[in-house]
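First up is the structure itself, then whatever we jot down about it.
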2 protein chains.
Amino acid sequence: MSGTDQLSAVFSALADPTRRVILAGLAEGDATVTELTARLPISMPAVSRHLKVLEGATLISRTRSGKWRASHLEAAPLREAADWIERYREFWDTSLTRLDAHLAAVQAAERAGVTTEHDLGRPAHSTTDLEEP
Amino acid sequence: MSGTDQLSAVFSALADPTRRVILAGLAEGDATVTELTARLPISMPAVSRHLKVLEGATLISRTRSGKWRASHLEAAPLREAADWIERYREFWDTSLTRLDAHLAAVQAAERAGVTTEHDLGRPAHSTTDLEEP
DNA sequence: CATACATTTAACGCACTCGTTAAATGAATG
DNA sequence: CATTCATTTAACGAGTGCGTTAAATGTATG
């Protein structure tokens, strides 16, 4: 997963149920690999690599304390993920009827000068690639 | 990706930058595969399969309208994802000092009867697996 | 310093992802 | 009804993810 942007790394890390469980566990306090493994149905090496993934997404940090390495939750990157999703809140939060949604889409399209379902017959052959805001 | 839970499917779908761009595009209005492809640096079959992934995560729906198939943003599943992340807001939202975080972790641990960094020497060999709330 | 404990790395298997190009399918249209 | 346009499926290759077991590494401790 080399060259992956931060946001992708975070979403990718969250896509695994085991890692979400690990994060939930760390929310209750720092823990070692052995402790986390004791509560999971997988081997210790597997847990170790899940932690490596989480560390790669900077969702955890780890400190060596003598013989042990404790994992610590670093929730900051979750803010970025939350912010990304929040931009879509209007699309699920409002009680949009199908017509309202349609009109909203049309307005957004006109605002952005984008081709919509009304003129699918002449697709927008814009040359500019889409970008993430 | 058979047998994947909804939340994992959503996070997994969001983990790809191209798919996030597609969702952003659909937020401005429904669009066809051809239209989306015109604004992306990849082939149409590639876009088609991205849409299939998004559909699998129920992040979009598609309707056939004559010759064309328009994709429509279905943001509802994002709510679930947002809710999951929101539970960690306290961990990034508050101005936790390192000491505060430490104390919070200890309190959470005591509340849950979980072993913390204080007694890493005697790991919790609990038999119950962690679960997602 | 030899032994034990905590953790990681190595090596393997299997399944999936993401891109490509070429071929197949669906649905108007002349 | 043959052609054309929109879209999907097939087949391939390179890369990645997630689990395993066995071996290596780090760090106390007797």
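Chain naming here is simple, since letters A, B, ... match the order of the sequence lines and numbering starts at 1 in each.
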In whole angstroms, how far is the [atom2] atom of [N] from the [atom1] atom of [X]?
X       : N      : atom1 : atom2 : result
B/Arg69 : C/dT25 : CZ    : C1'   : 12 Å
A/Asp30 : C/dT7  : CG    : P     : 13 Å
B/Leu51 : D/dA6  : CG    : P     : 16 Å
B/Leu14 : C/dC18 : CG    : P     : 12 Å
B/Arg62 : D/dA6  : CZ    : P     : 16 Å
B/Arg19 : C/dC16 : CZ    : C1'   : 12 Å
A/Leu54 : C/dT7  : CG    : P     : 16 Å
A/Lys52 : D/dC18 : NZ    : C1'   : 14 Å

Please identify each residue that fulfils salt bridge (charged side-chain N to carboxylate O under 4.0 Å, His left out) with B/Glu86, with sequence neighbours left out.
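B/Arg89.
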
side-chain contact (heavy atoms from CB on, under 4.5 Å) between B/Asp83 and B/Arg79, intermediate numbers included:
CA-CA 6 Å; B/Asp83 287 348; B/Arg79 182 176 145 74; 3.9 Å; yes

Any side-chain to backbone donor/acceptor pair from A/Ser8 onto A/Thr4? Under 3.5 Å, distance only.
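Side chain of A/Ser8 to backbone of A/Thr4: no pair is present.
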
Indicate for each nucleotide in nucleotides 19-30 of chain D, in 5' to 3' sequence, whether protein heavy atoms under 4.0 Å reach the base (B), only the sugar-phosphate (S), or nothing (-).
BBBB----SS--

For B/Ala46, give me all partners under side chain to side chain contact (heavy atoms under 4.5 Å, CB included), at least two apart in sequence or on another chain.
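Result, side chain to side chain contact (heavy atoms under 4.5 Å, CB included) vs B/Ala46: B/Ile42, B/Ser43.
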
For residues 50-60 of chain A, which side-chain N or O atoms pair as donor and acceptor with protein atoms under 3.5 Å away, sequence neighbours left out?
residue, atom, partner, partner atom, Å
A/His50, ND1, A/Arg19, NH1, 3.1
A/Glu55, OE1, A/Arg62, NE, 3.4
A/Glu55, OE1, A/Arg62, NH2, 2.7
A/Thr58, OG1, A/Gln6, NE2, 3.1

Tell me, do A/Phe11 and B/Val10 make a side-chain contact under 4.5 Å, heavy atoms counted?
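They are not in side-chain contact.
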
